[in-house]
Amino acid sequence: MIKLIRGFRDILPGQVELWQDIESKARVLLENFGFREIRLPIMESTELFARGIGADTDIVEKEMYTFPDSKGRGQTLRPEATASVVRSYIEHGYAGSDPVQKFYTIGPMFRHERPQKGRYRQFYQINAEMFGVASPLADVQIMYLLHLFFTGLDVPDVVTHVNSLGCPECRPKFREALISFVSDKMDRLCSDCQRRAEANPLRVIDCKVPGCKEAVQGAPSIQDHLCPDCKEHFQAVIEGLDDLNVPYEIDPRLVRGLDYYTRTTFEVQTTLLGAQNAVAGGGRYDGLVKVLGGKETPAIGFAVGFDRLAALLGAEEKDFTVPPALFIAALGEDARKIAFGWLCDFNARGLRAEMDYEGKSLKSQMKQANRFNAGRVLILGENELQNGMAVLRNMNTKEQEEVALDGLTDRVAALINQG
Ligand code: HAM
């Protein structure tokens, strides 16, 4: 038997209904906030991610699925969507027409990480990006939207952590302070951190290895190194969140795993998914459009980890199958023909109805109706055919009524629509 590749998985019926529900709520909310859908390829040139996400990040260093094309140029399955959205924003000249744009995109991402609970090599994100607004109002609106999304879905146990990562003005000073702090703790750091402590010391304070976590206790805080403009921006974001009653925790240790962030960064975290505690993450990336060849354009966005969100809502324990409204049990060839016509009529009207196609006994058809968990069963046997009446049984109340064959689909559809 050919099996799934490690780290990849099927989202099966029963779970998929939950995914569809989450997705449709996300679309409605994002569109209410003025975000428009953008559909992007899942493969881009490797350089886009190397430049966009940063060469010293885990993603670019070791997690990308990269293949050469026929001319030997690197192409990569996207590990995230932000760089692609920025590429598209630049490529289609949005900055020239109206630099303020809001996009969302939903789809699979690929990272060659070690698979574990909540961590897959193909996973899905709901991604939103807003371009052209430097004001902290954008940060507040983005975080408010995310808050509404999570509360609207009743997601248990989530807390939004927020921080500022400063700007090209203040970050270098923080970096220096951090480098000097870790320089005498090198022997306590993991090999990854030892290697990149100089190039990317922020990664060290984000490292999940217990020894590193311990070594960086008491490390300098970015909050103490923000320049006046970044401080003011952060303060305005915090006040805006307070005004809208968005709960948050200020977390000076939140650094995120991608290099493009400036100023506001945030993560929605949970304790319910073990080591994989982030359900969504995002922030400002005011420098990225320029880094990728566009005009200087402020931008901010987030991505929700769809798989982790679905897991928090019970995707792996509960069955989200939506039962059919009706099961038609027909006995005998003539009855089955009529029943099939009804089935097609109900389905065309938008009612989920099922029947037995094989001519099974009434007993096994009733079993089938129970397996489907159908709301009602319509029974048509030879007697019913002769009397011109079918029997409609409500499977919840167990009440039965007779329905005339003439005009039956109208009457049954009306009853089902009444509830
Ligand atoms: P990220 O933090 O790398 O950010 O990913 C966002 C979310 O995707 C994470 O919080 C997590 O829920 C989910 N995720 C990441 N890796 C995996 C995995 N291997 N398996 C399952 N879920 C995963 C970004 O990707 C940024 N592009 C977000 C952003 C948008 N920033 C600004 N705009």
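Order of listing sets the numbers, starting from 1, for every ligand and every atom in it.
- Using modelled atom types, one finds no donor on one side chain facing an acceptor on the other under 3.5 Å when comparing N127 with T105.
- Close contacts of ligand 1 with V279, meaning ligand atoms under 4.0 Å from a residue heavy atom, involve 10 (O), 12 (O).
- Around the CD atom of E31, the shell of radius 6.0 Å holds more than 12 heavy atoms that belong to other residues, nucleotides or ligands.
- Counting the atoms of ligand 1 from 1 in the order shown, those under 4.0 Å from a heavy atom of A303 are 6 (C), 7 (C), 28 (C), 29 (C), 30 (C).
- Residue contacts with ligand 1, taken as heavy atom pairs separated by less than 4.0 Å, involve Y261 solely via side-chain atoms from C-beta onward.
- Within ligand 1, counting atoms from 1 as listed, the ones closer than 4.0 Å to a heavy atom of G281 are 10 (O), 28 (C), 29 (C).
- Ligand 1 does not have D307 within reach: every non-hydrogen atom of the residue lies 4.0 Å or more from it.
- Across all non-hydrogen atoms, the minimal contact from S135 to R284 is O-NH2, 3.2 Å.
- In Y260, the part holding a heavy atom less than 4.0 Å from any atom of ligand 1 is the side chain.
- Only the side chain of R256 comes within 4.0 Å of ligand 1, counting heavy atoms alone; its backbone N, CA, C and O stay farther away.
- Each of the following atoms of ligand 1 lies closer than 4.0 Å to a heavy atom of G282: 31 (N).
- A donor-acceptor pair under 3.5 Å is formed between the side chain of Q365 and the backbone N or O of K360.
- The distance from the CZ atom of R203 to the CZ atom of R196 is 5.5 Å, given to the nearest 0.5 Å.
- Residue E129 touches ligand 1 through its side chain alone, judged by heavy-atom distances below 4.0 Å.
- For the side-chain hydrogen bond (donor to acceptor under 3.5 Å, both in side chains) with T82, the qualifying choice from Y261, Y260, Y285 is Y260, the only one to do so.
- The proximity of R119 to ligand 1, defined as any non-hydrogen pair under 4.0 Å, involves the side chain as well as the backbone.
- With respect to the salt-bridge test (charged N to carboxylate O, under 4.0 angstrom), the residues R371 and E354 do not qualify.
- D139 and R263 are not joined by a salt bridge, as no carboxylate oxygen comes within less than 4.0 angstrom of a charged side-chain nitrogen.
- The nearest heavy-atom contact from the protein to atom 13 (C) of ligand 1 is G305 CA, 3.6 Å.
- Taking every non-hydrogen atom of G118 and a distance limit under 4.0 Å, the qualifying atoms of ligand 1 come out as 20 (N), 21 (C), 22 (N).
- Residue E267 has no N or O atom closer than 3.5 Å to an N or O atom of ligand 1.
- At the shortest separation from atom 23 (C) of ligand 1 among protein heavy atoms lies F123 CD1, 3.3 Å.
- Relative orientation of the Y124 and W19 rings is perpendicular, given thresholds of 30° and 60° on the angle between their planes.
- Atoms of ligand 1 found under 4.0 Å from any heavy atom of E80 (numbered from 1 in listed order, with element): 25 (O), 26 (C), 27 (N).
- Note that CD of E129 is 12.0 Å distant from OH of Y89, once rounded to the nearest 0.5 Å.
- Note: no N/O pair closer than 3.5 Å links A128 and ligand 1 by distance alone.
- Heavy atoms of L309 found under 4.0 angstrom from ligand 1: none, in either backbone or side chain.
- Using a 4.0 Å cut-off between heavy atoms, Q125 contacts ligand 1 through its side chain alone, with no backbone atom that close.
- Between D56 and R195 no salt bridge is recorded (no basic side-chain N to carboxylate O distance below 4.0 Å).
- In this structure, atom 20 (N) of ligand 1 lies nearest to the protein heavy atom Y120 N, 3.0 Å.
- Heavy-atom contacts from other residues, nucleotides or ligands closer than 6.0 Å to CD of E316 number more than 12.
- No salt bridge links D58 with K208; every basic N to acidic carboxylate O contact stays at or beyond 4.0 Å.
- Checked against a 3.5 angstrom limit, the closest N/O atoms of R111 and ligand 1 fall inside it.
- For atom 12 (O) of ligand 1, the nearest non-hydrogen atom of the protein is A278 O, 2.8 Å.
- Contact atoms of ligand 1 toward A280: 10 (O) (distance under 4.0 Å to a heavy atom of the residue).
- Here is the list of ligand 1 atoms found below 4.0 Å of a heavy atom in F302: 29 (C), 30 (C), 32 (C), 33 (N).
- Ring orientation note: the planes of Y94 and H92 are nearly perpendicular, at an angle over 60° on the 30°/60° scale.
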